[in-house]
Novice: 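Below is the structure I would like to discuss, written out as structure tokens.
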Amino acid sequence: MSDRLRIIGVEETVVVPAVYEAYERAGSPRIPARGFGDGPIAENLREVGERRIAHMDDQGIDVAVLSLSSPGVQDLPEADAITVAHDANDQLAEIVASHPDRFQAFAAIPTQSPAAAAAELERAVGELGFPGAMLYGRTGDKLADHPDNDELYATAERLGVPLHFHPQMPVQPVIDAYYSDIGQIGTPLAGAAIGWYYDLGVQYLRMIFSGVFDRFPDLQVIAGHWGEVVMFYLDHTGFFAEAGGLQRPLADYFKRNFWVAGSGTNSPRYLRWTAEVMGTDRMLYSTDYPFTYGFRPGGFPYVDTSNGAARSFLEDAPFTDDQKADIAHRNWERLTARAAPVA
């Protein structure tokens, strides 16, 4: 390309002190993905200064839209979640203010309380200037299509801001049924290897079939990990659209209400398929830092964004310069430009 792409990554993960301390109080699993320990993932999650920016430069990323590591505040007790989300968003806003040319942030949302969830989104957008929020599918035993979320969805639609969804571990009965008795690989299979994506993909289908997007037709959802599996089955699942009472073809909901990013899986096949299904004007970019940074077990090539791989993956894509620019930054700018002024 003749001009350097400006790349905005929309799934770049942090653990801020308010959340870390809440996890400690709640007895959450002391795992690197929640910021515990001194390994590279935990340290990079907690680090939001010069080292993170240096890693962004190494990847070739210009702007990182920061969000909490899964499951955010959504597995905390309700009273804690409300307070912690407020404090976490204030801390995220401070990080953005420290490097406003390099950082943006998604709000943490206490979905345990419908009223507090809507109010915190309103505050994060109106007072802190956030471009949207990150959600994590299930809250307790309530899935993403639960009516308790309607107030939040209505608020997001009214404000004109997107909701990015990130997976979390399936419920324990699913883990027991499908991912047990297989040794140490069971936990990864339930999580970031495959289980996460089925869990959230089914929730997307539930949102569509339960009428969330009929009630809120302008609600915009960002799906990471190349659409969380379900997008690859739209041609088949769409056969059941009429039986499910949909007002329009299943694929139409994805093309009108969803935006898809790859979350650091640098697969040319997934990239081409997503472009064919969604069109490059509904695609965003993300690296899933730090989970994809500097790890290449056995030389596995697809989940490592370091050494410029995040940038070269997009620059070498089989698209026009305009299409690459759309994916790199213009689609995100168009999406977030929808935000309505808050009175």
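Numbers for residues simply follow the sequence, beginning at 1. What you see below is based on every heavy atom in this structure, not just the backbone, and it leaves out hydrogens, waters and symmetry mates.
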Novice: Can you see whether T287 engages T292 through a side-chain donor-acceptor pair at a distance of less than 3.5 angstrom?
Specialist: no
Novice: Report the C-alpha separation of R334 and D326 in whole Å, then their side-chain angles, then the decisive distance to 0.1 Å, and conclude whether the salt bridge (Lys or Arg N to Asp or Glu O under 4.0 Å) test is met.
Specialist: CA-CA 9 Å; R334 292 165 184 153; D326 284 345; 3.1 Å; yes
Novice: Can you tell me if D62 uses its side chain to pair, donor with acceptor, with the backbone of I7 under 3.5 Å?
Specialist: yes
Novice: Report, as yes or no, whether the 6.0 Å neighbourhood of atom CZ on R206 holds more than 12 heavy atoms from other residues, nucleotides or ligands.
Specialist: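 No.
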Novice: Under the salt bridge (charged side-chain N to carboxylate O under 4.0 Å, His left out) test, which residues partner R282, sequence neighbours left out?
Specialist: none
Novice: Side chain of Q91, backbone of V16: donor and acceptor closer than 3.5 Å?
Specialist: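 Answer holds: no.
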Novice: How would you list all residue pairs meeting side-chain hydrogen bond (donor to acceptor under 3.5 Å, both in side chains) that involve residues 221-245, not counting sequence neighbours?
Specialist: H225-E228
Novice: Using the test salt bridge (charged side-chain N to carboxylate O under 4.0 Å, His left out), find all partners of D80 that sit at least two apart in sequence or belong to another chain.
Specialist: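 Partners of D80 by the salt bridge (charged side-chain N to carboxylate O under 4.0 Å, His left out) criterion come out as none, since no residue qualifies.
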Novice: I'd like to know if the side chain of Q112 reaches the main chain of L76, judged simply by a donor and an acceptor atom lying under 3.5 Å from each other, with no hydrogens or angles considered.
Specialist: yes
Novice: Output every pair passing ring-ring contact (aromatic ring centres under 6.0 Å, His included) with a member in residues 72-101, not counting sequence neighbours, ordered by first then second residue.
Specialist: H99-F103
Novice: Mind checking what makes ring pair (Phe, Tyr, Trp, His ring centres under 6.0 Å) contact with F130, not counting sequence neighbours?
Specialist: none
Novice: Do L152 and L121 have side chains that get closer than 4.5 Å, going by heavy atoms?
Specialist: yes
Novice: Can you check whether E47's main-chain N or O pairs, donor with acceptor, with R52's side chain at less than 3.5 Å?
Specialist: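 Yes, because the side chain of R52 sits within donor-acceptor range (under 3.5 Å) of the backbone of E47.
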Novice: Run the salt bridge (Lys or Arg N to Asp or Glu O under 4.0 Å) test on R4 and E315 for me, step by step, so that the C-alpha distance in whole Å, both residues' side-chain angles and the decisive distance to 0.1 Å come before the verdict.
Specialist: CA-CA 9 Å; R4 183 182 184 276; E315 287 184 335; over 6 Å; no
Novice: Hey, mind stepping through D57 and R102 against salt bridge (Lys or Arg N to Asp or Glu O under 4.0 Å) and telling me if it holds?
Specialist: CA-CA 10 Å; D57 291 342; R102 303 303 302 269; 2.9 Å; yes
Novice: Ignoring hydrogens and angles, tell me if any N or O in the side chain of N44 forms a donor-acceptor pair with the backbone of P40 under 3.5 Å.
Specialist: yes
Novice: Report yes if some heavy atom in the side chain of I95 is under 4.5 Å from a heavy atom in the side chain of L66; otherwise report no.
Specialist: yes
Novice: Can you list every side-chain hydrogen bond (donor to acceptor under 3.5 Å, both in side chains) pair that touches residues 262-277, not counting sequence neighbours?
Specialist: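 For residues 262-277, and leaving out neighbouring residues, the side-chain hydrogen bond (donor to acceptor under 3.5 Å, both in side chains) pairs sorted by first residue read E11-S263.
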Novice: Would you please name every residue forming a ring pair (Phe, Tyr, Trp, His ring centres under 6.0 Å) with Y302, sequence neighbours left out?
Specialist: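 With neighbours one apart ignored, the set is F300.
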Novice: Taking only residues two or more places apart in sequence or in another chain, which ones pass salt bridge (charged side-chain N to carboxylate O under 4.0 Å, His left out) with D214?
Specialist: none
Novice: Stepwise, does the side-chain hydrogen bond (donor to acceptor under 3.5 Å, both in side chains) test hold for Q74 with T139?
Specialist: CA-CA 6 Å; Q74 286 181 230; T139 302; 3.0 Å; yes
Novice: Give the cluster check for V202 versus M231: same hydrophobic cluster or not, with ILVMFWY residues linked at side-chain heavy-atom distances below 4.5 Å.
Specialist: no
Novice: Name each donor-acceptor pair under 3.5 Å that joins a side chain in residues 174-193 to protein atoms two or more places apart or in another chain, with its distance.
Specialist:
residue : atom : partner : partner atom : Å
D176    : OD1  : Q172    : NE2          : 2.8
S180    : OG   : D176    : O            : 2.4

Novice: Is the backbone of G35 close enough, under 3.5 Å, to the side chain of R46 for a donor and an acceptor to pair up by distance?
Specialist: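 Side chain of R46 to backbone of G35, a donor-acceptor pair under 3.5 Å: yes, one is there.
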Novice: Side-chain polar contacts of residues 244-252 - donor-acceptor pairs under 3.5 angstrom, sequence neighbours left out - could you list them?
Specialist:
residue : atom : partner : partner atom : Å
R248    : NH1  : D252    : O            : 3.2
R248    : NH2  : N257    : OD1          : 3.2

Novice: If you look at every heavy atom in W259 and D281, which pair is closest and at what distance?
Specialist: CZ3-O, 3.4 Å
Novice: Is it true that F313 and F295 fall in one hydrophobic cluster, defined by side-chain heavy atoms closer than 4.5 Å?
Specialist: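 Yes, because F313 and F295 connect within a single hydrophobic cluster, where side-chain heavy atoms sit under 4.5 Å apart.
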Novice: Test salt bridge (Lys or Arg N to Asp or Glu O under 4.0 Å) on D316 and R311; report intermediate values, then the result.
Specialist: CA-CA 9 Å; D316 295 341; R311 172 168 292 276; over 6 Å; no
Novice: Taking the side chain from R34 and the backbone from F36, do they hold a donor-acceptor pair closer than 3.5 Å?
Specialist: no
Novice: Using only atom types and a distance under 3.5 Å, with no angle test, would you say the side chain of D304 pairs donor to acceptor with the backbone of S306?
Specialist: yes
Novice: Within the distance-only criterion (no hydrogens, no angle test), does the side chain of Q203 pair as donor or acceptor with the backbone N or O of L143 below 3.5 angstrom?
Specialist: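 Here the side-chain-to-backbone pair does not exist.
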Novice: Y198: what forms a ring pair (Phe, Tyr, Trp, His ring centres under 6.0 Å) with it, not counting sequence neighbours?
Specialist: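 With sequence neighbours excluded, Y198 shows a ring pair (Phe, Tyr, Trp, His ring centres under 6.0 Å) to no residue whatsoever.
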Novice: Kindly state whether the ring of Y197 and the ring of Y204 have centres lying under 6.0 angstrom apart.
Specialist: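 Distance test on ring centres: not under 6.0 Å, no.
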Novice: I need the full list of ring-ring contact (aromatic ring centres under 6.0 Å, His included) pairs touching residues 38-81, with sequence neighbours left out, sorted by first then second residue.
Specialist: H55-Y289, H55-Y293
Novice: May I ask you to decide if F106's main-chain N or O and S67's side chain share a donor-acceptor pair within less than 3.5 Å?
Specialist: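 Absent.
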